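Comments concern the structure below.
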Amino acid sequence: MQSYGQEGVLDWAGPLLQGALVTLEIGLSAYVIGLLLGLVGATAKLSGWRPLRATATAYTTLVRAIPELLLIILLYYAGTQALNALLHEFGVKGSVEISGFVAAVGVLAFVQGAYMTEVIRGAIVAIPRGHIEAADAYGMSRPLRFRRIVLPEMLPNALPGLNNLWLILVKDTALVSVVGFQELFFTAQQAAASTRSYFVFYTAAGALYLLMTLASNALFTRAERHVRRGQPGT
Amino acid sequence: MDFTWLTNTFYLGYLWEGFVNTMLLVAISGSLGLALAVLLALGRIAGKRPLQLLIRGFTTTIRGTPLLVQLFFFYDGVGRVLTQFPGVRDTFMWPVLREAFFYGALAFTISVGAYASEVIRGAMLSVPSGELEAARAFGMSRFKIIWRIWLPHAIQICLPTLTGELILLLKSVPLVSTIAVMDLLKAANIVRDETFLVYEPLLLIAGIYIALTLILTFGMRIVEHNFPGVRPAASRRGVLALLTGTRRA
């Protein structure tokens, strides 16, 4: 016998896992883009040109002083409209629909980039000045200097911060459910509402998030051991 | 930009209510959360092994899951189960238990407790053991050592970090708008729904939040400066660095 509205709790296991996968996808995409934004931001903050430095400082300060949820809602609506306005400027007719995925990733990456900027800037500043000068004295080009000297020396300093930011990002992905993007928590809310098993589904969603954070923590610990090889006392 | 709706007393009423609730949530969850954090930190350091493991599991779980999920867990999950118990509606607690505000405060208190307990635990472990030995040599009881020597010094060490935690608490308050608590964001959303303005209300409360962060930062800086035994140099930091602090996972 089929009765309306009596879905089993187990029927939602598949969608929930699917949602977890989407969460990982937007998390990873936003992380990579945020990392690039952070590199650009850190370069801007360390540059000698004042306007560039001021722009980067305004970016990191504002993003970090405004609540994430508010920022996500603001950017979610403003971002779409701003892009359309920009396209109109360039003479493109009509409006583009930004997919939920792109908007979610864009918004999270923008927020993430501000924190990344600070972590990367701090890690670069911690490199002894002499090492950079030595690289210059050897006649290394800037890309070579970055790849051979700056990057390997910066990573041990940056990795704890990067780990921290990834954990924050995984948890921040839940915020895009508020603007109606279907990820893990949004699915859990749907499941809870339709089966009326609120307790079960919020616990399940929490457990999946915990699994992700614990697993990535273990990975980052290994990565940190790897980049710190050859350093004394670790 | 259209801010003419600010002359509407209804909307101003919403905003004021949202502001008051935001401040109340920070005050309640901040103070109760710090008290919880101290208890958790003490349990982690001085408790029996099973208690230590329990607390560790608790803090890991809270720190490893999104606050939004915890909020719904308490409000929709625990709240609904609680109302199904027969006697609950008759108890004196019912007027509190049916309010979404209560579940918001509960979730934030637990969250602050879990995050700050790690901070306080770290600070307690970095208090020089000689001080504790000296206290014991004076014949102080265990409780007195903790109350007079250990905690004050630990809090002095981690005060700037705790300020950061408080600002993070302030910044997570908008989450309660999702469980129908009238906070600033909820007020802004009502204005948006009724006036069809997309950004203006959001921009206004973004401004309010920046101002609140600044005020909280300066307020805490005064506390830090006047905390007994703090060397002035220790808390002399840039305003921008204080404003934004560092985030933790």
Side-chain angles (χ1 to χ4, degrees), chain A residues 23 57 60-75 77-78 80-81 114-115 118-119 122 160-161 163-175 177-178 184-185 188-189 192-193 196-203 205-214 216-217, chain B residues 22 57 60-81 84 167-178 183-185 188-189 192 198-199 201-203 205-214 216-217 239-241 243-249:
Chain A
T23 285
T57 307
T60 56
T61 309
L62 280 180
V63 168
R64 297 190 310 161
I66 298 173
E68 276 73 41
L69 182 62
L70 180 55
L71 212 54
I72 282 172
I73 295 177
L74 249 173
L75 292 175
Y77 296 114
T80 321
Q81 223 169 58
Y115 291 93
E118 290 303 313
V119 166
N163 180 14
N164 203 12
L165 285 180
W166 166 249
L167 297 180
I168 290 169
L169 182 60
V170 169
K171 290 182 280 173
D172 272 359
T173 55
L175 296 181
S177 70
V178 175
L184 174 53
F185 187 54
Q189 279 178 302
R196 315 219 120 253
S197 314
Y198 295 89
F199 212 83
V200 176
F201 282 108
Y202 293 142
T203 311
L208 284 171
Y209 280 111
L210 190 60
L211 200 67
M212 286 184 224
T213 46
L214 288 180
S216 43
N217 221 350
Chain B
T22 298
T60 308
T61 309
I62 296 297
R63 291 168 9 122
T65 52
L67 185 51
L68 189 64
V69 176
Q70 293 163 22
L71 208 57
F72 274 83
F73 176 82
F74 286 116
Y75 176 65
D76 261 355
V78 177
R80 266 170 219 268
V81 171
Q84 278 160 12
I167 288 168
L168 289 170
L169 170 64
L170 174 71
K171 281 171 56 187
S172 39
V173 168
L175 292 179
V176 294
S177 67
T178 57
D183 78 315
L184 280 169
L185 181 56
N189 280 336
R192 286 173 62 211
V198 185
Y199 316 114
L202 292 178
L203 287 177
I205 61 165
I208 295 178
Y209 265 104
I210 294 175
L212 284 178
T213 319
L214 264 176
L216 193 62
T217 308
V239 179
L240 283 185
L243 166 67
T244 50
T246 45
R247 275 189 92 186
R248 75 289 191 266

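These figures come from a predicted structure and were not determined experimentally.
- Every residue was checked against the salt bridge (Lys or Arg N to Asp or Glu O under 4.0 Å) condition with A/R196, not counting sequence neighbours, and none meets it.
- Residues B/D183 and B/S177 share a closest heavy-atom pair of OD1-CB, 3.3 Å.
- Within the 4.5 angstrom heavy-atom criterion, atoms from both the backbone and the side chain of B/I205 approach chain A.
- A 4.5 Å side-chain heavy-atom check between B/L216 and B/T213 finds every atom pair outside the cut-off.
- The distance from the CG atom of A/N217 to the CZ atom of B/R63 is 9.0 Å, given to the nearest 0.5 Å.
- Interface remark: B/V173 contributes no atoms to any contact with chain A (heavy atom separation under 4.5 Å).
- Heavy-atom pairs under 4.5 Å with chain A peak, among B/G79, B/G77, B/G207, at B/G77.
- Of all heavy-atom pairs between A/P67 and B/K171, the closest is CB-O, 3.1 Å.
- At a 4.5 Å heavy-atom cutoff, the contact between A/T203 and chain B is made by backbone and side-chain atoms alike.
- Heavy atoms closer than 4.5 Å to chain A are found in the side chain of B/V198, but not in its backbone.
- Only the side chain of B/T178 comes within contact range of chain A, with at least one heavy atom under 4.5 Å from a heavy atom of that chain.
- Partners of A/F185 by ring-ring contact (aromatic ring centres under 6.0 Å, His included), not counting sequence neighbours, listed by chain and number: A/Y202, B/F72.
- For the options A/W166, A/F201, A/Y77, heavy-atom pairs under 4.5 Å to chain B are most numerous at A/Y77.
- For A/E118, no part lies under 4.5 angstrom from a heavy atom of chain B.
- Contact of B/L175 with chain A is made through backbone and side chain together, with heavy-atom distances under 4.5 Å.
- A/L71 does not touch chain B: none of its heavy atoms, backbone or side chain, sits under 4.5 Å away.
- Contact of B/T60 with chain A is made through backbone and side chain together, with heavy-atom distances under 4.5 Å.
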Can you list the steps and then say if A/F199 with B/F73 is a ring pair (Phe, Tyr, Trp, His ring centres under 6.0 Å)?
-> CA-CA 7 Å; A/F199 212 83; B/F73 176 82; 5.1 Å; yes

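- Under the side-chain contact (heavy atoms from CB on, under 4.5 Å) rule, B/L184 has a single partner from B/N189, B/I208, B/L202, which is B/I208.
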